[in-house]
Amino acid sequence: MTTTIGSTVLGYPRIGPDRELKRALERYWAGRIGEPELREVARGLRVDTWRSLHEAGLNSVPGNTFSYYDQVLDTAVVFGAVPERFTALGLSPLDTYFAMARGVESTPPLEMTKWFDTNYHYLVPEIGPDTRFSLSDQSPVDQYQEALEAGVTTRPVLVGPLTFLLLSKSDDQAPESFRPLDRLDDLLTAYAELLGELHRAGAEWVQLDEPAFAADRSPAELAALRAAYRRLGELTERPKILAAGYFGDLGEALGELAATPVEALAVDLVAGRSALDRLPSVRGLADKALVAGLVDGRNVWRTDLDGALSTAATLLGLAGEVAVGTSCSLLHVPYDVEAETALDARVASWLAFARQKVDEVVVLGRALRDGREVVADELAAARRAVADRAGADSVRDNRVRARLDSLRPEHARRGDYAGRQEAQQRSLRLPPLPSTTIGSFPQTTDVRKARAALRAGRIDPATYQQRMRDEIERVIRVQERLGLDVLVHGEPERNDMVQYFSEHLDGFASTEFGWVQSYGSRCVRPPILYGDVSRPAPMTVEWATYAQKLTEKPVKGMLTGPVTILAWSFVRDDQPLATTADQVALAIRDEVADLEAAGIRVVQVDEPALRELLPLREADRPGYLDWAVTSFRLATSGIADSTQIHTHLCYSEFGDVIDAIVALDADVTSIEAARSRMEVLDDLNAVGFARGVGPGVYDIHSPRVPTAAEVTDLLTAALAAVPAERLWVNPDCGLKTRGYTEVEQALENVIIATAGIRPSLR
């Protein structure tokens, strides 16, 4: 090797330690600051990140990992893949970008879906035969030069060309036989132009991310990968290329990439530990750098540094250089555990957030290069933390384990659907096309202030309870005035659909500043599930029963399902996920039973993350789906047939889990469908889905207010696929992130459309 890459991370959080970007974005969208102010906030965050990573001791600092919204959207803009409906708006480049992400009143946005098996959402590019790829935006070059001016040499990071096309969808004008991958040669020309510009700017390395190959890929796709990187590798004017795969074992793709002229490969040895068996037989590594992803980029537990070093030692000699890195970008973890002054000190000692993971990478790199003795103190501290966590009494609850041992198959079964449907109709007496919402209503400034005041001790619990009751009554009255059929209490008391429950369950810890970007300006604080889970007391019954007393219409009890609680938490890694899921399911089961006993006749148990945790490899999926379905059914069984169970799923490729959706055996399934214009119904019909279904008719991730005519068109399309007696009317998702004015206008149009169609059903 004539060059080195050394210790590195594949990416870093970008929203800001105090969510500075979130606040700036929302002020910009609201018109309270202009583009120069927004760009200045962004520049400050970028510079702070580059300098902190450089000063921490990384040998190679990733660049171009900043995004105003999403890295896949950025890639589409860089290479000119902007659909005509957005260029026709005549907006500035930045506002055109935001229109693609969020839509404008006249133009819907791009579709949004999950980034592989994470809770991060990306915008789905639209590619057709006539998409004109070109180097249309110089941001990667500009940010490289910006970093140089700040005194840091960076390694620009880009979504790789194969992953970009494989994650794209065909545009509306494309023939049915067209696939975005058909445009690979044209896209590579644009990539080659960008690599040339980066080379001329002085970039020594560039990182091209190809996580799509951690999933099953066809021989043609694997051949396209080899051809693409051979073409890019043979360019005479380019930086050295680090091809990065993550979220699992690259499988055959590893050999394909090794056979090309790229200088380095990054492999995930956390989620893709099976690659360790493959690496010795991969030809072509002898003249490449191998970046071993030994530090988990997606979970928050401290690394077993001794174990990681032992793994790294087995790789020596397989490649021209072995370097240490993270398994994936650190985008998926919070910034700094040292900011968590209120977190239990013992639990905190078991954790590593992004800043600590950088330190772990540096320590491992020094140990690998200079020997263990130069970092003996750091290794000893990590050893003590790992041992302390393993031996802590707080992670085990023998009562919970005994209850799991006593479970039998019948505990996860309900009566037959036909009997349930009849009992529920007698109980609820709902009209055709019953209307409802997914659960949450807008979280107003007053609601958030009340929650903050309670935490700070400025108001007492009784005052807080009254303020939440006032908001619940407001939500009920709004729904009654609009004419919705099954109401919700609006969830004003909930900070987040997972965090709220974690704060009421044993076995969880919550952070104050552990924010992680979900999409755009949307951030979540995943709780930390560190021990056995149980429910010490009812969590939602008080709020649901108060709402039910305010109205004659049925009010849904609103719960989050076990799979989603796991997916949107940082979960313990010392026992099988299936065991943890069943522990959470039993806690939710107890809550369902208490809601029913309190007179709540409809209970919704949301599982929007069902698809999210689906393993990327087909061979691993049956085992996951078996325990995921079982945990949901365990949570929702043990109640009367007359109690109606709803579930909700959103923003995923539902076709991959369609059989599991059927197996959940929910009475009603609401599902995202507005952006995709009801495409999911074809998947449901293909497997003979015969339960109630509510395909979304209002895209809540956009500020657009759909017209009654638009909703009518969507309902008409839905009725062509679903019998009226099984069709429900609802938005795509909860309304928490929207404002009351737009929500009331949108729901009014939904009800107008529903009322217009109902007479034709009689």
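Values below: all heavy atoms of this structure, side chains included; hydrogens, waters and symmetry mates excluded. Note that this is a predicted model, so its numbers are computed, not measured.
Using a distance-only test at 3.5 Å, with no hydrogens or angles considered, no donor-acceptor pair links the side chain of Ser7 to the main chain of Val362. Counting only distance, with no hydrogens or angles, the side chain of Asp171 and the backbone of Pro83 share no donor-acceptor pair below 3.5 Å. Between the side chain of Thr260 and the backbone N or O of Leu257, at least one donor-acceptor pair lies under 3.5 Å. Between the side chain of Arg617 and the backbone N or O of Asp249 there is at least one donor-acceptor pair closer than 3.5 Å. Using a distance-only test at 3.5 Å, with no hydrogens or angles considered, no donor-acceptor pair links the side chain of Thr131 to the main chain of Ile127. For the pair Glu111 (side chain) and Val124 (backbone), a donor-acceptor distance under 3.5 Å is absent. Side-chain N or O atoms of Ser327 include none that pairs as donor or acceptor with a backbone N or O of Leu269 at under 3.5 Å. Side-chain atoms of Glu360 come within 3.5 Å of backbone N or O of Thr303 as a donor-acceptor pair. Put simply, the side chain of Asp70 gets close to the backbone of Leu123: a donor and an acceptor are under 3.5 Å apart. Formation of a donor-acceptor pair under 3.5 Å by the Thr118 side chain with backbone atoms of Tyr120 is found in this model.
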Pair Asp573-Arg389, salt bridge (Lys or Arg N to Asp or Glu O under 4.0 Å): steps then yes or no: CA-CA 11 Å; Asp573 56 0; Arg389 179 183 165 215; 2.7 Å; yes

Salt bridge (Lys or Arg N to Asp or Glu O under 4.0 Å) between Lys169 and Glu126, worked out: CA-CA 5 Å; Lys169 64 175 288 186; Glu126 297 174 4; 5.4 Å; no

Trace of the side chain to side chain donor-acceptor pair (under 3.5 Å) decision for Asp74 with Ser67: CA-CA 7 Å; Asp74 293 349; Ser67 176; 2.8 Å; yes

Residues Val361, Thr8; criterion side-chain contact (heavy atoms from CB on, under 4.5 Å); working and verdict: CA-CA 7 Å; Val361 167; Thr8 190; 5.9 Å; no

Intermediate values then yes/no, side chain to side chain donor-acceptor pair (under 3.5 Å), Ser518 and His121: CA-CA 6 Å; Ser518 180; His121 302 63; 3.2 Å; yes

Stepwise side chain to side chain donor-acceptor pair (under 3.5 Å) check, Ser631 with Asp582: CA-CA 5 Å; Ser631 70; Asp582 282 350; 5.0 Å; no

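Thr4 and Glu321 share a side-chain donor-acceptor pair at under 3.5 Å.
The CZ atom of Arg302 sits 10.5 Å away from the NZ atom of Lys357 when rounded to the nearest 0.5 Å. Expressed to the nearest 0.5 Å, how far CG of Asn64 lies from OG1 of Thr154 amounts to 8.5 Å. To the nearest 0.5 Å, atoms CZ (Arg283) and CG (Leu254) are separated by 14.0 Å. Annotation: the span from Glu221 atom CD to Leu162 atom CG amounts to 8.5 Å, rounded to 0.5 Å.
Salt-bridge check for Arg183 with Asp186: passed, with a basic side-chain N closer than 4.0 Å to an acidic carboxylate O. The existence of a salt bridge linking Lys240 and Glu263 is excluded, since no basic side-chain nitrogen approaches an acidic carboxylate oxygen closer than 4.0 Å.
Taking the six-membered ring where tryptophan is involved, the planes of Phe164 and Phe133 are perpendicular, since the angle between them exceeds 60° and thus also 30°. A tilted orientation is assigned to the rings of Tyr246 and Trp115, their planes being inclined by 30° to 60°. Aromatic ring orientation, Phe247 versus Phe116: tilted (interplanar angle from 30° to 60°).
Residue Glu252 places its CD atom among 12 or fewer non-hydrogen atoms of other residues, nucleotides or ligands, all under 6.0 Å distant. Summarising the local packing, CZ of Arg522 is surrounded by more than 12 heavy atoms from other residues, nucleotides or ligands at distances under 6.0 Å. Annotation: Arg273, atom CZ; neighbour count of heavy atoms from other residues, nucleotides and ligands within 6.0 Å does not exceed 12.
For the pair Ala663 and Arg633, the tightest heavy-atom approach, listed with the atom from each and the gap, is O-NH1, 3.0 Å. Of all the heavy atoms in Leu167 and Pro125, the pair that sits closest is O-CD, 4.1 Å. Residue Gly6 comes nearest to Ala323 through the heavy atom pair O-CB, 3.4 Å, listed as atom of the first residue, atom of the second, then distance.
The closest side-chain heavy-atom distance from Val61 to Thr153 is not below 4.5 Å.
Remark: Arg572 is not positioned above the aromatic ring of Trp301, lacking an NZ or CZ atom under 6.0 angstrom from the ring centre and at most 45 degrees off the axis.
Partners of Asp117 according to the salt bridge (Lys or Arg N to Asp or Glu O under 4.0 Å) rule, which considers only residues two or more places apart in sequence or in another chain, are Arg298. Partners of Arg179 by salt bridge (Lys or Arg N to Asp or Glu O under 4.0 Å), not counting sequence neighbours: none found. Qualifying side chain to side chain donor-acceptor pair (under 3.5 Å) partners for Arg372, counting only residues two or more places apart in sequence or in other chains: Asp306.
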